[in-house]
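Heads up, the thing below is written out as structure tokens.
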Protein chains: 2
Amino acid sequence: MILNNEPSFAEVIAGSQAACDALSDEDDGLKREVLAHAGNRWSLGIVHALGVSGTLRHADLGRRLEGVTQRMLTRSLRQLERDGLIVRHDHREMPPRVDYALTELGRGLLLGMMPLWTWVIDNAASFRAARNRFDGDDAA
Amino acid sequence: MILNNEPSFAEVIAGSQAACDALSDEDDGLKREVLAHAGNRWSLGIVHALGVSGTLRHADLGRRLEGVTQRMLTRSLRQLERDGLIVRHDHREMPPRVDYALTELGRGLLLGMMPLWTWVIDNAASFRAARNRFDGDDAA
DNA sequence: CAGCATCCCCAAGGATACTG
DNA sequence: CAGTATCCTTGGGGATGCTG
């Protein structure tokens with residue numbers, strides 16, 4: 001069960017260490033900044049929806065991310081635009097027609113996140129198990 | 001420059017779609033939950049530090065994550081423990097001696113995040129460029 | 001040393017109503 | 001349809017002091 005014949009963990013973490021050293025001060029904040037934005041409740045869904053559909057209008061996004069308010073949707077979109085992850089195209093028509101799409105950077109983010117996603121999915125059960133185990137400890 | 005001979009984006013995103021469908025309701029929250037915890041300012045640093053060092057005491061972590069308060073450190077540790085990402089081992093000595101280490105799940109998370117990290121690092125420049133471009137647009 | 005208790009601040013997130 | 005403005009709640013995060 002223990003993986004010492006493959007170079008997985010130790011090596012990869014060592015690489016992580018090197019990587020983190022590489023982006024010392026300012027860049028380190030960047031990492032957390034990316035995470036923070038990704039953790040922004042809606043940003044993820046937006047990026048994912050755009051990744052799947054290519055281009056979506058404001059209202060389309062609002063429908064896909066059911067539960068989001070216009071305020072938060074607009075906010076998140078602005079944030080993502082500012083981060084260079086999506087592009088906003090205003091057709092300047094009446095009635096208004098604005099659509100959003102991922103940039104190359106945004107696509108890169110989505111791709112970079114895939115391994116994490118698949119990992120989360122694969123380990124969803126483990127998460128719940130851990131959670132329950134902990135709660136059980138509490139009770140016991 | 002455009003990659004249409006390799007199956008990268010479309011296929012991977014399609015996989016992402018399938019994956020997201022797979023974990024419909026409750027599991028979807030799990031994803032964001034993971035992200036949220038990862039975005040918790042200190043959790044990342046803790047997981048990474050433990051990944052590098054293997055086992056660390058409370059004060060050790062406090063030193064590595066300079067800027068963290070005991071309160072937040074303890075909080076984050078409890079959270080991570082609850083999520084099954086780290087284990088807490090209290091030696092029950094005087095003076096107190098408690099150390100923390102990653103669980104298998106925690107190591108998995110770290111591994112799952114590596115691609116994202118390396119991507120962020122590789123694209124740090126692009127991020128700043130986007131940011132500056134946007135600010136420039138504002139000014140212009 | 002480990003960590004709990006208390007008090008405080010503020011930004012994320014939401015509900016609602018309004019506009020071009 | 002796309003978006004802004006206003007008001008409110010919540011919880012993350014921090015500072016400080018105390019205990020076993």
Side-chain angles (χ1 to χ4, degrees), chain A residues 28-29 31-47 49-50 53 55-83 85-101 134 137-138, chain B residues 28-29 31-47 49-50 53 55-83 86-101 137-138:
Chain A
D28 193 35
K31 247 176 35 179
R32 272 215 326 285
E33 201 179 335
V34 171
L35 250 289
H37 292 164
N40 257 357
R41 174 146 205 198
W42 303 113
S43 307
L44 257 186
I46 294 171
V47 170
L50 290 177
S53 303
T55 288
L56 291 171
R57 302 180 56 177
H58 184 103
D60 292 332
L61 283 165
R63 250 165 264 127
R64 308 230 171 181
L65 312 176
E66 261 219 358
V68 71
T69 58
Q70 291 97 331
R71 184 175 122 84
M72 288 320 293
L73 181 53
T74 302
R75 248 220 229 184
S76 304
L77 287 169
R78 289 288 130 83
Q79 183 69 60
L80 291 169
E81 188 191 3
R82 180 157 182 276
D83 290 345
L85 296 173
I86 67 175
V87 277
R88 192 186 107 106
H89 183 41
D90 187 341
H91 292 259
R92 310 285 294 162
E93 293 172 359
M94 267 306 284
R97 177 184 188 78
V98 180
D99 43 36
Y100 298 88
F134 196 88
D137 284 357
D138 254 13
Chain B
D28 194 35
K31 244 175 38 177
R32 271 214 329 284
E33 201 180 335
V34 170
L35 250 290
H37 291 165
N40 256 356
R41 176 146 203 198
W42 303 113
S43 308
L44 259 187
I46 293 172
V47 170
L50 290 178
S53 302
T55 288
L56 290 171
R57 303 180 57 177
H58 183 103
D60 291 333
L61 283 164
R63 250 165 264 129
R64 307 230 172 184
L65 313 176
E66 262 218 357
V68 71
T69 57
Q70 289 98 333
R71 185 176 121 85
M72 288 320 295
L73 181 54
T74 302
R75 250 221 229 182
S76 305
L77 286 169
R78 288 289 130 82
Q79 184 68 61
L80 290 169
E81 186 191 6
R82 181 159 182 274
D83 289 344
I86 67 175
V87 278
R88 193 186 107 107
H89 181 43
D90 188 340
H91 292 259
R92 311 285 293 161
E93 294 172 357
M94 268 306 283
R97 176 183 188 80
V98 181
D99 44 35
Y100 299 88
D137 284 357
D138 254 13

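Each chain gets a letter, A, B and so on, in the order its sequence line appears, and its residues count up from 1.
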Query - Short side-chain N/O contact to D:dA2 OP1/OP2 from A:Arg92, under 4.0 Å - result: no

Query raised in the report: So does B:Arg78 get a side-chain nitrogen or oxygen closer than 4.0 Å to the phosphate oxygens (OP1/OP2) of C:dC4?
Result: yes

Report task. Return no unless some side-chain N or O of A:Asn40 is found under 4.0 Å from OP1 or OP2 of C:dG13. Result -> yes

Please list, for nucleotides 15-20 of chain C, all pairs of protein and nucleotide N/O atoms separated by less than 3.5 Å.
| unit_1 | atom_1 | unit_2 | atom_2 | d |
| --- | --- | --- | --- | --- |
| C:dA15 | N6 | A:Arg71 | NE | 3.4 |

**Report entry** Rounded interatomic separation in angstrom, taking CE from A:Met72 and P from D:dT4
**Finding:** 13 Å

Query - Donor-acceptor contact present, side-chain B:Asp90 to main-chain B:Arg92, <3.5 Å - result: yes

Cut-off 3.5 Å, no hydrogens considered: what does the side-chain donor-acceptor table look like for residues 66-73 of chain B, sequence neighbours left out?
| unit_1 | atom_1 | unit_2 | atom_2 | d |
| --- | --- | --- | --- | --- |
| B:Thr69 | OG1 | B:Met72 | N | 3.3 |

Query raised in the report: What integer distance in Å separates A:Asp90:CG from D:dA2:P?
Result: 10 Å

Query - Upstream residue (5' side of DNA chain D) when B:Trp42 and A:Arg57 are each assigned their closest nucleotide - result: A:Arg57

Query raised in the report: What distance separates A:Leu77 CG from A:Ile86 CD1, expressed to the nearest 0.5 Å?
Result: 4.5 Å

Report summary line: 5'-most contact on DNA chain C (nearest-nucleotide basis), A:Ser76 vs B:His58, goes to B:His58

Query raised in the report: Which residues satisfy the side-chain contact (heavy atoms from CB on, under 4.5 Å) test with A:Ala101, sequence neighbours excluded?
Result: A:Thr55, A:Val87

Query - Separation of atom CG in A:Leu65 from atom P in C:dG13, rounded to whole Å - result: 13 Å

Query - Heavy-atom side-chain contact between A:Pro96 and A:His58 under 4.5 Å - result: no

Report task. Give a yes/no on whether any side-chain N or O of A:Arg63 is located under 4.0 angstrom from OP1 or OP2 of D:dC1. Result -> yes

Report summary line: Here the distance between atom P of C:dA12 and atom CZ of B:Arg41, to the nearest Å, is 14 Å

Query - Set of residues satisfying side-chain contact (heavy atoms from CB on, under 4.5 Å) with respect to A:Arg57, sequence neighbours excluded - result: A:Asp60, A:Arg97, A:Asp99

Query raised in the report: Given atom CG of A:Leu73 and atom P of D:dA2, what is their separation to the nearest angstrom?
Result: 9 Å

Report summary line: From CG of B:Asp99 across to P of C:dC1 the rounded distance in Å is 15 Å

Query raised in the report: Atom CD of B:Glu66 and atom P of D:dG14: how far apart are they, to the nearest Å?
Result: 14 Å

**Report entry** Protein-nucleotide distance (B:Gln79, atom CD; C:dC4, atom C1'), rounded to Å
**Finding:** 17 Å

Query raised in the report: How about B:Asn40 and B:Trp42: do any of their side-chain heavy atoms sit closer than 4.5 Å?
Result: no

Query raised in the report: Is the distance from OP1 or OP2 of C:dG13 to the nearest side-chain N or O of A:Arg75 less than 4.0 Å?
Result: no

